[in-house]
Amino acid sequence: MIDYYWPDKKELTQRAARLGTWCYQVSAASYPSGAPWSEGTFRANLTAPHQYYLFAVVAGQLVGFISYTAIFDEVEITNVVVAPQYQRQHVAWQLWQILLQAQTQPVYFYLEVRASNLPAQKLYKKLGFAVINRRRAYYATPVEDALIMALEWKESNNDGEQVAATRVNFSF
């Protein structure tokens with residue numbers, strides 16, 4: 001069973017050093033060309049205003065996360081990462097379900113994905129995202145285009161019930 005850890009801004013800031021190190025390490029292991037962000041970038045992001053993280057936890061171990069910027073009715077997804085040994089086990093899907101179902105008002109989601117990352121694109125399309133633009137040579141190492149995808153999400157009918165996972169207090 002996948003649990004989730006969704007710390008508030010205060011807790012993210014307090015745990016930024018350790019969480020930043022972990023985010024960097026799992027990103028470095030998960031991306032073929034290494035982590036797109038440095039450890040310092042993750043640490044700074046964890047403490048920045050409007051930046052939030054939702055973590056997947058399996059058997060007391062952090063195994064993935066979604067990071068995002070939330071301002072008014074827009075959410076920009078900055079990372080979706082799952083540790084290699086947990087990929088293709090629906091961890092990212094569960095994180096997305098929790099994030100989407102937690103919305104209490106209409107919101108627009110945006111993200112960028114490598115043009116070659118077909119598994120991620122398939123997941124995003126299954127969630128309802130559509131390609132709205134292309135950024136030429138956006139990514140480095142290797143140089144590659146980014147597809148910009150968007151989703152208009154109407155408020156959930158979930159009425160605050162837990163969905164697809166259990167929230168845990170996580171000591172990291």
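The figures that follow rest on heavy atoms only: side chains count, while hydrogens, waters and symmetry mates do not.
Side-chain atoms of Ser30 come within 3.5 Å of backbone atoms of Val82 as a donor-acceptor pair (strictly under, hydrogens ignored). Of the possible polar contacts, none joining the Gln51 side chain to the Thr47 backbone as a donor-acceptor pair under 3.5 Å is found. Judged by distance alone, the side chain of Gln94 and the main-chain N or O of Ile2 form no donor-acceptor pair under 3.5 Å.
When the options Trp153, Tyr108, Tyr110, Trp96 are evaluated for a ring-ring contact (aromatic ring centres under 6.0 Å, His included) with Phe129, the one that passes is Trp96.
Side-chain contact check for Tyr68 versus Leu111: every heavy-atom pair is 4.5 Å or farther apart. Contact of the Asn79 side chain with the Asn45 side chain is not registered, since no non-hydrogen atoms from C-beta on lie closer than 4.5 Å. Looking at heavy atoms from C-beta onward, Ile98 lies in side-chain contact with Trp6 at the 4.5 angstrom threshold. You'll find the side chain of Arg15 stays beyond 4.5 Å of the side chain of Tyr53, heavy atoms only. Considering only heavy atoms from C-beta on, Pro119 comes within 4.5 Å of Asn117 through its side chain. Asp3 is not listed as a side-chain neighbour of Tyr5, based on a closest heavy-atom distance of 4.5 Å or more. In this structure, Leu62 and Val26 have side chains that are not in contact, with every pair of non-hydrogen atoms separated by 4.5 Å or more.
Under a hydrophobic clustering in which Ile, Leu, Val, Met, Phe, Trp and Tyr are joined whenever their side-chain heavy atoms come within less than 4.5 Å, directly or via other members, Leu127 and Val75 fall into the same cluster. Placement of Leu151 and Ile148 in two distinct hydrophobic clusters is found when ILVMFWY residues are connected by side-chain heavy-atom separations under 4.5 Å, directly or transitively.
Shown here for Arg114 and Thr141, the closest heavy-atom pair between the two residues is NH2-O, 3.7 Å. Closest approach of Ala92 to Leu123, counting heavy atoms only: CB-CD2, 3.8 Å. For the residue pair Val80 and Tyr31, the shortest heavy atom distance occurs at O-OH, 3.8 Å. The two residues Leu95 and Ala56 make their nearest non-hydrogen contact at CD2-N, 3.7 Å. Considering every non-hydrogen atom in both Leu46 and Ala16, the closest pair reads CD1-O, 3.5 Å. Shortest non-hydrogen contact noted between Gln121 and Val113 is CG-CG1, 3.8 Å.
Relative ring orientation between Phe55 and Phe65 is described as tilted, the plane-to-plane angle lying within the 30° to 60° band.
For the salt bridge (Lys or Arg N to Asp or Glu O under 4.0 Å) condition, no pair includes a residue of residues 54-78, sequence neighbours left out. Pairs passing the salt bridge (Lys or Arg N to Asp or Glu O under 4.0 Å) check and including a residue from residues 78-95, sequence neighbours excluded, do not occur. Residue pairs satisfying the salt bridge (Lys or Arg N to Asp or Glu O under 4.0 Å) criterion with at least one member in residues 40-51, sequence neighbours excluded, are listed as follows: Glu39-Arg43.
Between Phe42 and Tyr24, the distance separating the two ring centers is not shorter than 6.0 angstrom.
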Intermediate values then yes/no, side chain to side chain contact (heavy atoms under 4.5 Å, CB included), Phe109 and Leu99: CA-CA 11 Å; Phe109 285 90; Leu99 182 61; 3.9 Å; yes

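For Gln97 and Tyr4, the side-chain atoms include no donor-acceptor pair closer than 3.5 Å.
Put simply, CD on Gln87 and CD on Gln89 are 9.5 Å apart, with the number rounded to the nearest 0.5 Å.
Taking the centre and axis of the six-membered ring of Trp93, the NZ or CZ atom of Lys126 falls inside the cone set by 45° and 6.0 Å.
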